[in-house]
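Treat the numbers as computed from the prediction; the structure is a model and nothing was measured. Sequence positions, counted from 1, serve as the residue numbers for this chain.
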Amino acid sequence: MVKFGLQFKATLENVTKVRPEGEDFRWFLKLKCGNCGEIPDKWQYVTLVESTPLKGGRGSASMVQKCKLCSRENSIDILRDTITPYNAEDNERFKTMVQFECRGLEPVDFQPQAGFAAEGAESGTQFPEINLLEKDWTDYDEKVSESVGVYEVTHQFIKC
C-alpha cells in the first residue's frame, strides 16, 4: 500500500482555516489502476462515512472497486488524522490537506466542489458551504467590512 498526499494551494484574501467540512465531505478524484494504467473518465468520490470491507478480512477502506479493464480489485482509504486546514500563513504555497492510503490505485486528479468552510482571518466569522468548483470563491465579512475570498485553487499529489 502506498500513501499519497493531496496538496492544496490557493490565494487567500482575509480568510484562514480553509477545510473540508464534515465526515460526509466528498473528495472527488480521478483514480488510475496501478495494474493496467486505466483512468476512468468519470469523477469518483470518497468520504469518511463510507467504509467497505476488503476481501479476505483485511480491514476496510473508504472505497473498494474493481477495475473495468483488468478486473483487479483496488482500494483507497482516507487517513482521517491527516486532514488539516489551509491557513493564511500557507497562502500561495502547496500544503498537504489530506492523505490517502491506496492499494492498486493512484490518485491523478482532484476536483474541489462544495463542502469547504473557512473563517475570517481577523474576525473569526464562519463561512460554511464554500463551493470551490470554479477554483474561486468570494464573499463579504460584515464584522470587519472587508471582502474575503479563496482564489486560484490548484493542487498536486505527492507520495508520502
Exam field: side chain [X] to backbone [Y], donor-acceptor pair closer than 3.5 Å:
X: Asn14; Y: Ser147; value: yes
X: Thr11; Y: Val150; value: no
X: His155; Y: Phe110; value: yes
X: Asn74; Y: Cys33; value: no

*Regarding Asp77 and Ser62, is there a side-chain donor-to-acceptor distance under 3.5 Å anywhere?*
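Present: a donor and an acceptor within the cut-off.
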*Judged by modelled atom types alone, do Glu101 and Gln99 share a side-chain donor-acceptor pair under 3.5 Å?*
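Checked: Glu101/Gln99 side chains show no N/O donor-acceptor pair below 3.5 Å.
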*asked:* Tell me if the CD atom of Glu134 is crowded by more than 12 foreign heavy atoms within 6.0 Å.
replied: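 No, CD of Glu134 has 12 or fewer neighbouring heavy atoms, counting only those of other groups under 6.0 Å.
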*Look at atom NZ of Lys95 and say whether more than 12 heavy atoms of other residues, nucleotides or ligands are closer to it than 6.0 Å.*
yes
_Near-ring test Phe157/Phe4, centroid separation under 6.0 angstrom_ = no
Heavy-atom distance under 4.5 Å between the side chains of [X] and [Y], does that happen here?
X: Ser75; Y: Cys102; value: no
X: Asp90; Y: Lys9; value: no
X: Val46; Y: Phe100; value: yes

*After noting the C-alpha distance and the side-chain angles of Asp141 and Thr125, does the key distance pass the side chain to side chain donor-acceptor pair (under 3.5 Å) rule?*
CA-CA 7 Å; Asp141 189 338; Thr125 301; 3.0 Å; yes
*ring pair (Phe, Tyr, Trp, His ring centres under 6.0 Å) with Phe25: which residues, sequence neighbours excluded?*
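Here the qualifying residues are Trp27, Phe116.
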*So Trp137 and Phe127, would you call those rings parallel, tilted or perpendicular, with 30° and 60° as cut-offs?*
perpendicular
*Before giving the answer on salt bridge (charged side-chain N to carboxylate O under 4.0 Å, His left out), spell out for Glu73 and Lys66 the whole-Å C-alpha distance, their side-chain angles and the decisive distance to 0.1 Å.*
CA-CA 4 Å; Glu73 185 174 277; Lys66 201 174 230 183; over 6 Å; no
